[in-house]
Amino acid sequence: MTGPAPDGGAAGRPGPARRLYVYNGGFLTQRRVRRILELSGFHLRLGKPGPGDWIGVWGQSPTAPRGAAMARLTGAPVLRIEDAFLRSVLPGRAGGDPPLGLLLDRAGVHFDPSTPSDLERLLAGAALDDTALLNRARDAMARLQALHLSKYNAFDPAAPVPAPGYVLVIDQTAGDASVIASGASRATFREMLAFAQIENPGARILIKRHPETVAGHRKGHFDAAQATGAVEFFDRPVSPWKLLDGAIGVYTVSSQLGFEAILAGHKPRVFGQPFYAGWGLTRDENPVPRRERRLTRAQLFAAAMILAPRWYDPCRDRLCSLEDAIATLEAEARAWRDDHDGWVACGMRLWKRRHLQQFFGRVRPVRFCAAPGKAAARAQAEGRRVMVWAGKAEMAPPGAVRVEDGFLRSRGLGAALTPPLSLVCDDLGIYYDPATESRLERLIAAAPDLPEAELQRARRLIARLTEAGVTKYNLTGADLPDLPSGRRILVAGQVEDDASILAGCIGAERSNLALLERARAENPDAVLLYKPHPDVEAGLRAGALPAGAAARLADAVLPSLAAETLFPEIDAVWTLTSTLGFEALLRGLPVTCLGMPFYAGWGLTRDLVAAPARRAGPVAPEALAHAALIGYPRYLDPVTGRPCPVEVIVERLESGIATRGGAITRVLSRLQGIFATQAHLWR
């Protein structure tokens with residue numbers, strides 16, 4: 001039954017499709033579990049299995065004996081199914097999503113040492129010395145720690161942990177199958193606590209409670225009687241990686257936190273017999289004699305996280321690699337961490353509200369108010385966060401978060417009221433205003449220190465965007481005409497009352513005419529190709545050139561052309577602050593800026609105005625791309641309505657599957673353009 005997994009691993013991969021008979025209703029009601037099994041080659045059935053059929057049971061759950069009894073009766077082999085080690089944001093009992101991955105084990109179950117499981121056999125006998133596999137393991141380990149991802153993820157990574165120097169004693173839920181399988185009991189946990197005190201005299205002891213015991217879903221093994229002297233309970237939801245960083249010792253029976261302690265560099269004291277014990281990475285009170293192999297952390301991780309599980313991509317509905325599963329969980333955890341306190345959105349236009357609700361209201365519905373005032377103050381008193389559209393920041397109360405479109409927005413114009421597929425939330429400033437530091441600036445400044453795997457991800461993203469021709473609006477345009485020969489410079493027109501120009505053009509040159517005049521003055525012999533902004537072309541916003549200016553200054557005007565068709569034909573770009581300049585940088589083109597957009601000032605552009613001193617380059621294009629396209633925005637999959645990674649959005653835009661506005665929004669967009677233009681003229 002073993003064979004290559006979708007990501008190149010091997011564990012429990014079936015050959016031809018097989019019938020899997022189950023005797024637990026959860027298999028029928030858990031749609032995702034059923035789908036992962038189907039994609040892995042198993043089709044669920046009820047009844048009595050025949051020759052060649054399998055029986056599926058959930059680990060060692062209370063219903064598992066039913067399947068075991070039927071297996072004894074029929075001789076059918078048993079497939080034991082369990083959650084993989086990255087599950088979801090919330091635990092299942094707390095209303096969390098179904099698991100992102102499963103362990104499908106034909107030999108046993110990973111937490112029961114009485115019989116070697118498929119995972120144990122991988123750890124004991126697989127050739128875990130492949131350089132590419134181990135590099136993947138190291139990269140993924142670093143990524144999990146940097147993103148603060150664990151089995152469950154309902155915590156704020158910024159939440160404080162105690163001052164370093166404590167000993168971590170990990171509690172587990174009473175009746176946990178891994179505790180029972182290890183032969184442990186309440187007495188084992190008391191013994192573990194005693195060892196921690198004896199081996200660390202005078203040290204502060206933190207009993208880390210399980211999330212399900214904190215929520216009241218299940219009981220633990222410790223009670224208030226143990227919290228005396230230097231011993232105390234710790235039940236705040238914090239990043240386990242930050243908690244492990246400050247520990248001087250880790251004690252566990254069989255918790256997954258013991259596995260993560262190994263990945264964080266600890267050698268935990270283990271009182272049970274979990275899958276990660278016995279390989280030279282733990283101090284074992286009750287060792288499993290047959291586990292004699294010595295492994296590195298990367299080898300342990302490779303088997304447990306890359307080779308053994310079946311990971312699932314809920315947006316693409318397919319089995320996937322660990323790396324894709326991490327990207328999915330990153331998007332879902334970020335959405336929960338941003339949104340779980342709830343939002344109040346102030347001054348949002350009516351047409352935006354539905355989409356803001358989809359983006360930010362999955363955990364708690366977004367409340368809308370016409371203006372901050374008392375509504376925002378009341379919301380903040382309740383612990384909710386306040387958001388305001390960045391262009392209306394003057395109405396924002398202190399502490400409000402500014403919201404704007406992301407840089408891979410839609411298939412269609414924002415001014416045409418096409419809903420966005422990405423939004424940015426900025427708690428410091430906003431990316432287009434250089435007068436104040438933004439969250440994006442901090443991400444760009446920190447991006448060169450990202451793990452190499454994240455920079456490689458950004459390089460792959462740049463290559464995919466370039467190959468697929470994906471840009472911010474992804475408009476279809478006219479065919480490319482014959483262009484004059486010579487050194488071609490694309491001059492990118494903009495909406496002149498756009499906030500990025502009002503905030504980012506510091507000098508007098510803040511109009512399309514001034515841009516074109518400066519480009520011509522500095523490049524008298526070049527071929528200037530002027531591209532009007534699509535919103536201006538459509539008559540939705542201000543920015544049209546004076547009559548005759550284009551013919552006097554440009555060699556060609558290129559209306560109704562998609563920017564992507566022009567990039568291969570040009571040698572450089574001139575812009576005020578347009579995101580087209582960012583897209584040109586990703587394609588290796590030189591860019592000159594008259595204003596100070598977010599991508600200027602980092603050593604990648606020729607800047608005709610002084611950059612803020614805090615923008616200290618040089619920054620590589622992939623570091624800039626990671627900050628702007630991965631770290632800063634949030635994305636919403638238009639197909640599933642789920643938070644998703646950027647790669648899913650690129651696929652949706654490439655394939656044409658993206659949200660469009662309807663007839664009513666098109667009429668509203670025309671009216672909005674008229675009012676915006678009149679307001680600009682009266683200023």
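Quick note: residue numbers are just sequence positions, from 1.
Heavy-atom minimum distance, A390 versus E404: CB-CG, 3.5 Å. Taking each heavy atom of L516 and A550 in turn, the nearest pair found is CD2-CA, 4.5 Å. Residues V491 and A519 approach most closely at CG2-CB, 4.1 Å, considering heavy atoms. The minimum heavy-atom distance linking L100 with L329 is given by the pair CD1-CB, 3.7 Å. The two residues L147 and E330 come nearest to each other via the heavy atoms CD2-OE2, 3.5 Å. Nearest heavy atoms, L624 versus L585: CD2-CD1, 4.2 Å.
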**Study point:** V609 vs L594, side-chain contact (heavy atoms from CB on, under 4.5 Å): CA-CA, chis, key distance, verdict
**Key:** CA-CA 6 Å; V609 294; L594 273 69; over 6 Å; no
**Study point:** Derivation of the side-chain contact (heavy atoms from CB on, under 4.5 Å) call for H148 and N153
**Key:** CA-CA 8 Å; H148 298 277; N153 298 278; over 6 Å; no
Check your understanding: Stepwise, does the side-chain contact (heavy atoms from CB on, under 4.5 Å) test hold for R143 with D139?
Key -> CA-CA 6 Å; R143 192 172 172 194; D139 288 342; over 6 Å; no
Practice item. Take R362 and D339 through the side-chain contact (heavy atoms from CB on, under 4.5 Å) test and state the conclusion after the steps. Key: CA-CA 8 Å; R362 284 172 54 86; D339 303 342; 5.6 Å; no
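Look at R488 and E569 and you find a salt bridge, because one of the NZ, NE, NH1 or NH2 atoms lies within 4.0 Å of a carboxylate O, short of that distance. Under a 4.0 Å N-O distance rule, the pair E382/R364 does not qualify as a salt bridge. At a threshold of 4.0 Å, the pair R642-D97 counts as salt-bridged, since one of the basic side-chain nitrogens sits closer than that to a carboxylate oxygen. For the pair R460 and E323, the salt-bridge criterion is not met [side-chain N within less than 4.0 Å of a carboxylate O]. Between E647 and R316, no side-chain nitrogen of the basic residue sits less than 4.0 Å from a carboxylate oxygen of the acidic one, so the salt-bridge criterion is not met.
Looking only at side-chain heavy atoms (C-beta outward), R442 and R614 stay at 4.5 Å or farther from each other. Taking the side chain as every heavy atom from C-beta outward, T640 and D317 never approach each other to under 4.5 Å. Under the 4.5 Å side-chain criterion, counting only non-hydrogen atoms from C-beta, P481 is in contact with L483. Residues L490 and L589 fail the side-chain proximity criterion, which asks for heavy atoms closer than 4.5 Å. In this structure, the side chains of H533 and S578 stay at 4.5 Å or more apart for every pair of heavy atoms. Side chains of L440 and V424 form no contact here, defined as non-hydrogen atoms less than 4.5 Å apart. At a threshold of 4.5 Å between non-hydrogen side-chain atoms, the residues W343 and L356 do not count as touching. A heavy-atom distance below 4.5 Å is found between the side chains of L553 and E517.
No donor-acceptor pair under 3.5 Å is formed between the side chain of T577 and the backbone N or O of G595. Counting only distance, with no hydrogens or angles, the side chain of R652 and the backbone of S655 share no donor-acceptor pair below 3.5 Å. R402 places no side-chain N or O within 3.5 Å of a backbone atom of I430 that could act as its donor or acceptor partner. No donor-acceptor distance shorter than 3.5 angstrom exists from the side chain of R409 to the backbone of T471, with no hydrogens or angles considered. Formation of a donor-acceptor pair under 3.5 Å by the R318 side chain with backbone atoms of D313 is not found in this model. Using modelled atom types, one side-chain atom of S239 and one backbone atom of W241 make a donor-acceptor pair closer than 3.5 Å. Side chain of N512 to main chain of A544: no donor-acceptor pair is present (N/O by atom type, distance under 3.5 Å, no hydrogens or angles). In this structure a side-chain-to-backbone donor-acceptor pair under 3.5 Å is missing from T579 to F582. Here the side chain of R634 pairs a donor or acceptor atom with the backbone of F359 at under 3.5 angstrom. Checked by atom type and distance alone, the side chain of D607 pairs as donor or acceptor with a backbone atom of G601 at under 3.5 Å.
Atoms CG and CD1, from N523 and I489 in turn, are 3.5 Å apart once rounded to the nearest 0.5 Å. The distance from atom CG of L461 to atom CD of Q456, rounded to the nearest 0.5 Å, is 12.5 Å. Once rounded to the nearest 0.5 Å, the distance linking CD1 of I570 with CZ of R487 reads 10.5 Å. With values rounded to the nearest 0.5 angstrom, E537 atom CD is found 9.5 Å from D535 atom CG. Atoms CG and CH2, from D341 and W336 in turn, are 7.5 Å apart once rounded to the nearest 0.5 Å. Put simply, CG on L465 and CD on E564 are 9.0 Å apart, with the number rounded to the nearest 0.5 Å.
Relative orientation of the H355 and W351 rings is perpendicular, given thresholds of 30° and 60° on the angle between their planes.
No side-chain N or O of Y530 forms a donor-acceptor pair with one of D555 less than 3.5 Å apart.
No close placement of the F598 and Y632 rings is indicated, their centers lying 6.0 Å or farther apart.
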